[in-house]
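Presented below is the structure to which this report refers.
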Amino acid sequence: MTGLAWLLNTFHQLRWPLLLGPLALLWLPWPAAGAGQAAAERQAPATGALDPLTGFNFQLTPAARRAYSELLKLRPAPARALLLSEQQRAAGSAGTLLVADCIEFTELMVTQDARRYEPLIEAQDERLAQLEKSPEQTALRAYAAAEIRLHQAAAQVAFQHEIQGAWSMRQAYAGMQQVVRRYPSYLPARKTLGMMQFFIGSLPEGYRWFLKLLGLPGSVEAGLLNLRVAAGQPNDFQPEARIMLALVEETYYKKTEQAVQLASSWAIQQPDNLLFSYLAISLNKRQHHTEAALAAYGARPTGAGYLPVAYLHHMAADLLLYQGQYAASERENLQFLREFQGQHYRKDAAFKLYLTAWLRGDKAAAERYRQQIARGGGRTVVEEDTYAQRFYDGRVPLNATLTRARLQIDGGYYSEALATLDTFRPTHQTPLRDQIEAPYRRARAWQGLGRPDSARLLYRRTIAVAGNAPYYFAPQSALQLGYLYQAEGQKSTARAYFQKVLAYPKHEYKNSTDTKAKVALQDLD
């Protein structure tokens, strides 16, 4: 991996919800829903909350908040229209500049349209210059400057301007630290600083030296504390802090159902909110609730004014693949590739297209899609694309039975997966990868069915069979064993397995697996 590619990968791990193409949706600011939104409106005076010392607003005005709320439905044109009066009244105010930047940043990160990149960077530089000259001396002005700089860092890294992005990231981090020091009770800054602290602190050790060189210290504990403070008290961005905290706890601390319930409830409360629908689809998919995810996909709002979110089709393609609906899955991924203008997940989509053709017995189409992994563009930054490229480069044939079982497990069809695995008949000619994968898949199925004793036995068997083979099955088995023993209060055994995860050399999902193990180890201390 080149130095610049390594740097990009570092920042992808650092800001996974923000930088991974369409997954940027998961990091966008979140409005209050239902009664919470009405309460937030009641808290702010008609002209916004005023700083008693300077007379300037330190909260968003109602007009800016309404524009922000419309943006968070992924409706940027209506958001611009709502913000227009505010721009005419106070074009250089901190709140106006911040919301305007959020609109343009959202459009860039969701569409991944490279034509929007240079205009956005120029506009951000102008907004930062305006804030620098602004007579406002409030927490909102300082926060807006640091937040816009963070948006700029994300855009620069996502569009391969890594050195500029690293410098912008350093400025954003330092700026947010200064906001917290100067305005310790201004909770939005604690939300963003906490997010940065957590993700920097959770990076594998191999990446830490570079961030220390940039002066970006991280701390999982401090990050969680700041996120919880921002999530627990009223402020303009409290719902954003709440959902960010829920996502962290879902990903790293196995608090899964809370996040799914929160996302699903918000999608029900605001059926016209495409962002909430996206989150409900994504989290249900991550938790193997295929029917619920497809229901949320079918209920998503569509029509004029909404941003085209091509990645939704890629998620739907996966869900349909889990169900064995190969033709429907193929259609969704082809639509994704037609509409998506970014570089991430293209190889993964080609790999999934290969699976739909191969599993239905269409050898010609399967070979065409296999070639598309290498020739259809895209980058190997996200782990799914890296896996697809390794499949192409390795030219090791997949086992159809194990592949079907894997897809059934990903979809939450655990009993069906076990029935599929019962038809697997290894011989002395069975490749080592398949010998390792078979017990691993059984372990995942039994774990999904709530049978931890059976799962533990098979995870240990996977580790024994794997040895030092360069596949992800053994490190993932160690990670799951750590979680299982942690849930039973056997901390020393859990710690041993989490440490074992970190000891495995390079494999397909090393970055994300190591990060989860590291966070789990810190949680045990």
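N284 approaches A292 most closely through the heavy-atom pair OD1-CB, 3.6 Å. Among all heavy-atom pairs drawn from I281 and L312, the shortest one is CD1-CD2, 3.6 Å. Heavy-atom minimum distance, A145 versus L128: O-CD2, 3.4 Å. Between K506 and K510, the shortest heavy-atom distance links the atoms CA-CD, 3.7 Å. For the residue pair A144 and A94, the shortest heavy atom distance occurs at CB-O, 4.0 Å. Heavy atoms only, all atoms of each residue included: M109 and A158 are closest at CE-CB, 4.1 Å.
In this structure, the side chain to side chain contact (heavy atoms under 4.5 Å, CB included) partners of T493, at least two apart in sequence or on a different chain, are Y485, Q490, Y497. The salt bridge (Lys or Arg N to Asp or Glu O under 4.0 Å) check on R80 picks up E107, with sequence neighbours excluded. Partners of Y173 under the ring pair (Phe, Tyr, Trp, His ring centres under 6.0 Å) rule, at least two apart in sequence or in another chain, do not exist in this structure. Listed by chain and number, the residues in a salt bridge (Lys or Arg N to Asp or Glu O under 4.0 Å) with D125 amount to none (sequence neighbours excluded). Applying the salt bridge (Lys or Arg N to Asp or Glu O under 4.0 Å) criterion to R181, with sequence neighbours excluded, gives no partner residue.
No side-chain donor-acceptor contact under 3.5 Å links N511 and E383. A donor-acceptor pair shorter than 3.5 Å can be found between the side chains of Y143 and K191. Residues Q480 and Q447 bring a donor and an acceptor atom of their side chains to less than 3.5 Å of each other. H151 and D101 are linked by a side-chain donor-acceptor pair at a separation below 3.5 angstrom, with hydrogens and angles left out of the test. With no hydrogens or angles considered, no side-chain donor-acceptor pair links E136 and S93 at under 3.5 Å. Looking only at atom types and distance, the side chain of S219 has no donor-acceptor partner in the side chain of Q197 under 3.5 Å away.
Under the 4.5 Å side-chain criterion, counting only non-hydrogen atoms from C-beta, D523 is in contact with Q486. Between M196 and M169 the shortest side-chain heavy-atom distance falls below 4.5 Å. In this structure, Y186 and L140 have side chains that are in contact, with non-hydrogen atoms separated by less than 4.5 Å. Taking 4.5 Å as the limit, some side-chain heavy atom of L283 sits within range of a side-chain heavy atom of L247. A 4.5 Å side-chain heavy-atom check between S265 and Q269 finds at least one atom pair inside the cut-off. Using a 4.5 Å cut-off on side-chain heavy atoms (C-beta onward), L524 and F498 make contact. Using a 4.5 Å heavy-atom threshold, the side chains of T106 and L74 count as touching. Between M195 and R190, every side-chain heavy-atom pair lies at or beyond the 4.5 Å cut-off.
Taking CG of L521 as the start and CG of D514 as the end, the distance is 10.5 Å to the nearest 0.5 Å. Rounding to the nearest 0.5 Å gives a distance of 7.5 Å between SG of C102 and CD1 of I148. If you take OG1 on T290 and NE2 on H288, they are separated by 9.0 Å, rounding to the nearest 0.5 Å. In this structure, the separation between CZ on F276 and CD on Q270 is 4.5 Å, given to the nearest 0.5 Å. Separation of atoms CG (L224) and CD (Q522) is listed at 9.5 Å; rounding is to 0.5 Å. Distance check, rounded to the nearest 0.5 Å: CZ of R346 to CZ of R379 gives 13.0 Å.
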task = With side chain to side chain donor-acceptor pair (under 3.5 Å) as the test, would you mind laying out the steps for Q341 and T111 before giving the verdict?
result = CA-CA 6 Å; Q341 300 181 65; T111 66; 5.0 Å; no
request  = Show the numbers, then the answer: is there a side-chain contact (heavy atoms from CB on, under 4.5 Å) between L307 and R75?
outcome  = CA-CA 6 Å; L307 267 176; R75 291 169 51 84; over 6 Å; no
task = Applying side-chain contact (heavy atoms from CB on, under 4.5 Å), run through D113 and L108 and close with a yes or a no.
result = CA-CA 6 Å; D113 184 349; L108 173 70; 5.5 Å; no
ask   = Yes or no on side-chain contact (heavy atoms from CB on, under 4.5 Å) for L275 and W266, after CA distance, side-chain angles and deciding distance?
value = CA-CA 10 Å; L275 184 55; W266 283 17; over 6 Å; no
ask   = When you look at D272 and K73, which way does the side-chain contact (heavy atoms from CB on, under 4.5 Å) test go after all the steps?
value = CA-CA 7 Å; D272 64 338; K73 296 176 181 178; 2.9 Å; yes
message = Evaluate K516 against Y253 for side chain to side chain donor-acceptor pair (under 3.5 Å), listing each step before the verdict.
response = CA-CA 9 Å; K516 291 175 182 178; Y253 298 101; over 6 Å; no
inquiry  = Applying side chain to side chain donor-acceptor pair (under 3.5 Å) to Q258 and E249, what does each step give before you reach the verdict?
reply    = CA-CA 9 Å; Q258 298 95 318; E249 291 181 336; over 6 Å; no
inquiry  = What verdict does the salt bridge (Lys or Arg N to Asp or Glu O under 4.0 Å) test give for E250 and K255, after you've listed the backbone C-alpha separation in whole Å, the side-chain angles of each residue and the deciding distance to 0.1 Å?
reply    = CA-CA 5 Å; E250 182 266 341; K255 296 183 179 180; over 6 Å; no
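Open room surrounds CD on E132; 12 or fewer heavy atoms of other groups in view lie less than 6.0 Å from it. Q164 CD: more than 12 foreign heavy atoms inside a 6.0 Å radius. Surrounding CZ of R242 are at most 12 heavy atoms belonging to other residues, nucleotides or ligands under 6.0 Å away.
Q112 contributes no side-chain N or O that, together with a main-chain N or O of G342, makes up a donor-acceptor pair within less than 3.5 Å. Looking at R65, its side chain does come within 3.5 Å of a backbone N or O of L60 through a donor-acceptor pair. Side-chain N or O atoms of D385 include one that pairs as donor or acceptor with a backbone N or O of D348 at under 3.5 Å. Side chain of S264 to backbone of V260: a donor-acceptor contact under 3.5 angstrom is found. Here the side chain of S168 pairs no donor or acceptor atom with the backbone of R149 at under 3.5 angstrom. Looking at K518, its side chain does come within 3.5 Å of a backbone N or O of G201 through a donor-acceptor pair.
Between Y509 and Y387, the two ring planes are parallel [angle under 30°; tilted spans 30° to 60°].
With respect to the salt-bridge test (charged N to carboxylate O, under 4.0 angstrom), the residues R127 and E104 qualify.
Annotation: Y117 is in aromatic contact with H161 [ring centroid separation under 6.0 Å]. Y311 has its ring centre less than 6.0 Å from the ring centre of Y345. In this structure, F336 has its ring center no closer than 6.0 Å to that of H313.
Within the structure, the salt bridge (Lys or Arg N to Asp or Glu O under 4.0 Å) test picks out the following pairs touching residues 475-490 (sequence neighbours left out): R456-E488.
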